[in-house]
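Here's the structure we're looking at; comments come further down.
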Amino acid sequence: MRRALELARQGIGYTSPNPLVGAVLVRNGRIIGEGAHQQYGGPHAEVNAINSATESVAGAELYVTLEPCNHQGKTPPCTELVIRSGIRRVVIAMEDPNPKVSGRGIKCLEKAGIDVCCGVLENEARALNRPFIKHIAQGVPYVLLKTAMTLDGKIATVTGESRWISGASARAYVHELRHQYTAIMVGIGTVLADDPSLTTRREGREGVHPIPIIVDSTARIPLQAKVLHGPTGVSPILATTAAAPPEKLRQLQALGCQVTVLPDAENGVDLQELMRVLGSRGIDSILLEGGGELAASALQSGIVDEVQTIIAPKILGGRTARTPVGGIGIARLDQAVALSYQEVRQLGEDLLIKAQVNQPEKRTHAKGGAASCLQESSRK
C-alpha cells in the first residue's frame, strides 16, 4: 500500500478535480503490475495496473488507495474490470467519499465473491486527498494558507521590501505548491504592491499554472497588471462586489477576466460565498498566498484548512513592519485560531512548518460488509 500511495503522487497537479489514486497488483508476494491515475479523464489506477501486468492477474491481489468506482464517469466502472480480470482479493486504503461510489464499489466486489478489506494506511490516503475529500463532501475548495516570514515574524522591512525573505529552495517549493493546487488567491494589496504573475515555474520541468483569483472589492486592479495577461488558457477570476464600477468590470471581462460579483462582508468580499461559487465551478483547492489582510479575513471567515509557514533565519525588527496576518487582531487568547502541527522540516536555509486548522472533519466510513484488515488478519 505504501508503494500504491507513492504511485498516486505521480498524478499531483494533473488529476484535479479527480482524486490521486495508485494501485499495485501482487501475486505470491511479488509485484506483477502497478499504475496510477495520471490525468483527469484518463484511465484510472486500477486500469493502468492491470494493463501493465507482466503475467495473468487471475488470482492476484489488488492494493488500491481508494475504493474502486462502480459508476460510469469519463471512464467505465473499475469494478467491472477487476471482476472480469479474476482478481481474488482487493485491499483498499479508504472508502471513496463520493456519494456515487461510497461503499457501492466494495459491495459490488463482494457480491462477485472477491475478498475485500478496507482501512490499510487510511490516514495516509486521506492526507493525500484532502482537497478531493473536502470538495466532494462539502462542495467547497480546500484552502492552504502559505506564508513566508523572518524569525521575528516579519514579511517585509519597514520600507516594504520583501524580495526575498526566503531562500531559493523555499521559493522552488512554493512553485511545487502552485503546480499542485487548482487555483491561487491573493488580495488586491498584493497585486498593487508586487504585480505578481502567479504562474508556476519549475526548474527543468513543466508545471500546471493555477487559476489566479484576485479578491478586490472595488476593482482597483490595473488593466495592465501581469496577472491579467498570463498564460493562454488560464482565465483569472476577479472576486468583487457591487461597489466596483460597472465600466471597469466590462474592461476586465474584455481582457478575458472572469468577473464574479459577490455580497459584501464585514471586511470586503464575502469569502464563504466565494468558496461556494468556486466549488460549484469545480475548483477543489486554493493556495492562498497573500497578503496579511486577506489572510486575516480568510482565517476569520473559517475557510482555511491548512497553514504552511516558511521561516527564514533573519531578523528585521520594526514595530510597523508587516506581519503574515493583519486585520484588527483578537482580544482574547481563547479566540485564537488553533492549529495542530503536522510536519517540520528544512528547506535549504529556511524552515517549513505545516499545520492543520483544528476544525471538525466530515468523514465517511465504510458501509457494507468489507472487513478491516485487522479483522481480516485475526481470522487467519
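Predicted, not measured: the structure shown is a model, and the values here were computed from it.
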Original post:
Cluster question for you: counting only ILVMFWY and a side-chain heavy-atom cut-off of under 4.5 Å, with indirect links fine, are Leu177 and Phe132 together?
Top reply: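 The answer is no; the residues belong to distinct hydrophobic clusters.
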Original post:
In terms of side-chain geometry, is the basic nitrogen of Glu95 or Arg104 positioned less than 4.0 Å from the acidic oxygen of its partner?
Top reply: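 No, Glu95 and Arg104 are not salt-bridged.
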Subject >> Presence of salt bridge, Glu110 and Lys107, under 4.0 angstrom >> reply: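 No, this pair does not count.
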Subject >> Glu203, CD: over 12 other non-hydrogen atoms inside 6.0 angstrom >> reply: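 Not more than 12 within 6.0 Å, no.
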Examine the side chains of [X] and [Y] and answer whether a donor and an acceptor come within less than 3.5 Å of each other.
| X | Y | result |
| --- | --- | --- |
| Arg171 | Ser169 | no |
| Gln39 | Thr15 | no |
| Gln308 | Glu306 | yes |
| Ser285 | Thr182 | yes |

**OP:** Go through the steps to decide whether Tyr14 and Gln180 satisfy the test side-chain hydrogen bond (donor to acceptor under 3.5 Å, both in side chains), and finish with yes or no.
**Re:** CA-CA 8 Å; Tyr14 301 107; Gln180 179 177 344; over 6 Å; no
**OP:** For the pair Thr309 and Thr147, evaluate side-chain hydrogen bond (donor to acceptor under 3.5 Å, both in side chains) and give the outcome as yes or no after the intermediate values.
**Re:** CA-CA 5 Å; Thr309 298; Thr147 64; 3.1 Å; yes
Original post:
So do the side chains of Leu288 and Lys146 get within less than 4.5 Å of each other, counting heavy atoms only?
Top reply: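 Heavy-atom side-chain distance check fails, nothing below 4.5 Å.
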Subject >> From CA spacing to verdict: salt bridge (charged side-chain N to carboxylate O under 4.0 Å, His left out), Lys154, Asp152 >> reply: CA-CA 6 Å; Lys154 307 298 184 181; Asp152 60 335; 5.6 Å; no
**OP:** From the options Thr218, Thr240, Ile221, select the one residue that forms a side chain to side chain contact (heavy atoms under 4.5 Å, CB included) with Ile188.
**Re:**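 Among the candidates, only Ile221 passes.
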Subject >> Worked check of side-chain hydrogen bond (donor to acceptor under 3.5 Å, both in side chains) between Asp350 and Ser166 >> reply: CA-CA 7 Å; Asp350 302 316; Ser166 55; 4.7 Å; no
